[in-house]
Enquirer: 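Please read through the structure below; I'll follow up with questions.
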Number of protein chains: 2
Amino acid sequence: MTTPASDVSVASPPASKAKAKESVTCPMDFILRMLMGPWTTYILYNLRTHGPQRFGELKRRVTGISAKMLTERLRTLEGASLVKRDYEATIPPKVTYSLTQRGHELDDVMGRLAEIGTRWETEDAANRAMRAAAAELKAAE
Amino acid sequence: MTTPASDVSVASPPASKAKAKESVTCPMDFILRMLMGPWTTYILYNLRTHGPQRFGELKRRVTGISAKMLTERLRTLEGASLVKRDYEATIPPKVTYSLTQRGHELDDVMGRLAEIGTRWETEDAANRAMRAAAAELKAAE
DNA sequence: ACCAGTAGGTACCAATTCGTAACTTCGGGT
DNA sequence: ACCCGAAGTTACGAATTGGTACCTACTGGT
């Protein structure tokens, strides 16, 4: 902990903001800073479920991402050793991205998050249905 | 899945960007959109480890956050039912924030992420030390 | 001859974000 | 009398972000 009187620090304050002068050093800081990036989890999830893929393939799957973003995200993930980049200098160059072993260590957490997310979603849907029904009863009285 | 030809979707593309027109509906989408917010995990972690706290207390602990950000983040977390806000209209008003049951469901994942983060950190440190030693050997030859 | 696709890099531009500063209300300390 | 703190809200402004368009080099299809 570099800042005084702070014993918690999980994500990062400026969150990829260039400043982050005294970047509080906490276990979750780095990892969340990584997963937090826009599109990041899409990409990781995709690489996990569809296996190693080429740039264009990935771009087609992660609907809506721009080449710039995808490149930038992949470079970041590569720098974090979560993704491996294989470059083949064939004439139309062929670049394949895959999860590294470290990248696969997140499978577990990702799955768990997905499970929680799904549960909440169904719970919320049930609650909404409940409230809608209640409102209808009230309106019909 | 609202967008065609997309079977993956985890975080959100514009990531809290107001657009998000066709917000791809995926289990992790909502949850990560939440945790991804700047400071968010700091706050959750803090509320978990230090229990219910008042606004000022929280602000003092989450070093560097501005009142505006803290307010905004807490409102968002409240909206997501992860945090409960207790307002007492005493003369200096007293507002206490605490994790809801739903908020506590993340404890597990947070702990796991922290564990992975810590492991990676030590691994990286070990690797750096290794490389430094190797470089020194080479320089001394 | 011309366009598409591969895997990007670069410049520009709009929008969003986040911090700072000022304001609120009320009571208590000096 | 004056300022501070509680817990914000609001306005303003500066910086970052991320999309679009255009560029690369090379080849295969029509």
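Treat the numbers as computed from the prediction; the structure is a model and nothing was measured. Sequence lines set the chain letters: A, B, ... in the order given, protein chains first and strands last, and positions in each chain run from 1.
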Enquirer: Could A:E115 and A:R119 be called an ion pair, given the rule that one side-chain N must be under 4.0 Å from one carboxylate O?
Expert: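 Here A:E115 pairs with A:R119 in a salt bridge, since their nearest N and O are under 4.0 Å apart.
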Enquirer: Is there a residue in residues 67-77 of chain A whose heavy atoms reach under 4.0 Å of DNA chain D, and which residues are they?
Expert: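 Only A:K68, A:M69 qualify.
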Enquirer: So which of residues 86-100 of chain A are in contact with DNA chain C, with a heavy-atom cut-off of under 4.0 Å?
Expert: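 Within residues 86-100 of chain A, the residues near DNA chain C are A:P93, A:K94, A:V95, A:Y97.
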Enquirer: Can you check the B:I65 CD1 to C:dG19 P distance for me, whole Å?
Expert: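 To the nearest whole Å, that distance equals 7 Å.
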Enquirer: Could you measure the distance from the OG1 atom of B:T63 to the OH atom of B:Y42? Nearest 0.5 Å is fine.
Expert: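 Spacing of OG1 (B:T63) from OH (B:Y42) equals 8.0 Å.
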Enquirer: If you compare every side-chain N and O of A:R54 against the phosphate oxygens of C:dA7 (OP1, OP2), does one of them come in below 4.0 Å?
Expert: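 So the side-chain polar atoms of A:R54 do come within 4.0 Å of the phosphate oxygens OP1 or OP2 of C:dA7, strictly under.
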Enquirer: Under the side chain to side chain contact (heavy atoms under 4.5 Å, CB included) test against A:L58, which residue among A:V95, A:N46, A:I65 passes?
Expert: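 The side chain to side chain contact (heavy atoms under 4.5 Å, CB included) with A:L58 is passed solely by A:N46 among A:V95, A:N46, A:I65.
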Enquirer: B:L58 has an atom CG; how far is it from atom C1' of D:dG8, in whole Å?
Expert: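 Answer to the nearest Å: 14 Å.
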Enquirer: Closest approach of B:E141 and B:K138, non-hydrogen atoms and distance?
Expert: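 Of all heavy-atom pairs spanning B:E141 and B:K138, the closest is CG-O, 3.1 Å.
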Enquirer: Measuring to OP1 and OP2 of D:dA7, would you say a side-chain N or O of B:R60 lies under 4.0 angstrom away?
Expert: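 For D:dA7, neither OP1 nor OP2 has a side-chain N or O of B:R60 closer than 4.0 Å.
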Enquirer: So which heavy atom on A:M69 is nearest to which on A:P38, and how close?
Expert: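 The answer is SD-CG, 4.3 Å.
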Enquirer: Starting from P on C:dA7, measure out to CD on A:E78 and report it in whole angstrom.
Expert: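 It works out to 14 Å between those atoms.
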Enquirer: I'd like to check A:W120 versus B:L82 (side-chain heavy atoms, cut-off strictly below 4.5 Å). Are they in contact?
Expert: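 Yes; the side chains approach each other to less than 4.5 Å.
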Enquirer: According to the side-chain hydrogen bond (donor to acceptor under 3.5 Å, both in side chains) rule, which pairs have a member within residues 87-97 of chain A, sequence neighbours left out?
Expert: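 Every side-chain hydrogen bond (donor to acceptor under 3.5 Å, both in side chains) pair that includes a residue of residues 87-97 of chain A, provided the two are not neighbours, is A:R85-A:Y97.
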Enquirer: If you look at every heavy atom in A:G117 and B:I31, which pair is closest and at what distance?
Expert: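 Scanning both residues, the minimum pair turns out to be N-CD1, 4.2 Å.
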Enquirer: Do the side-chain N or O atoms of B:W39 get closer than 4.0 angstrom to the phosphate oxygens (OP1, OP2) of C:dG19?
Expert: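 B:W39 to C:dG19 OP1/OP2: side-chain N or O found under 4.0 Å.
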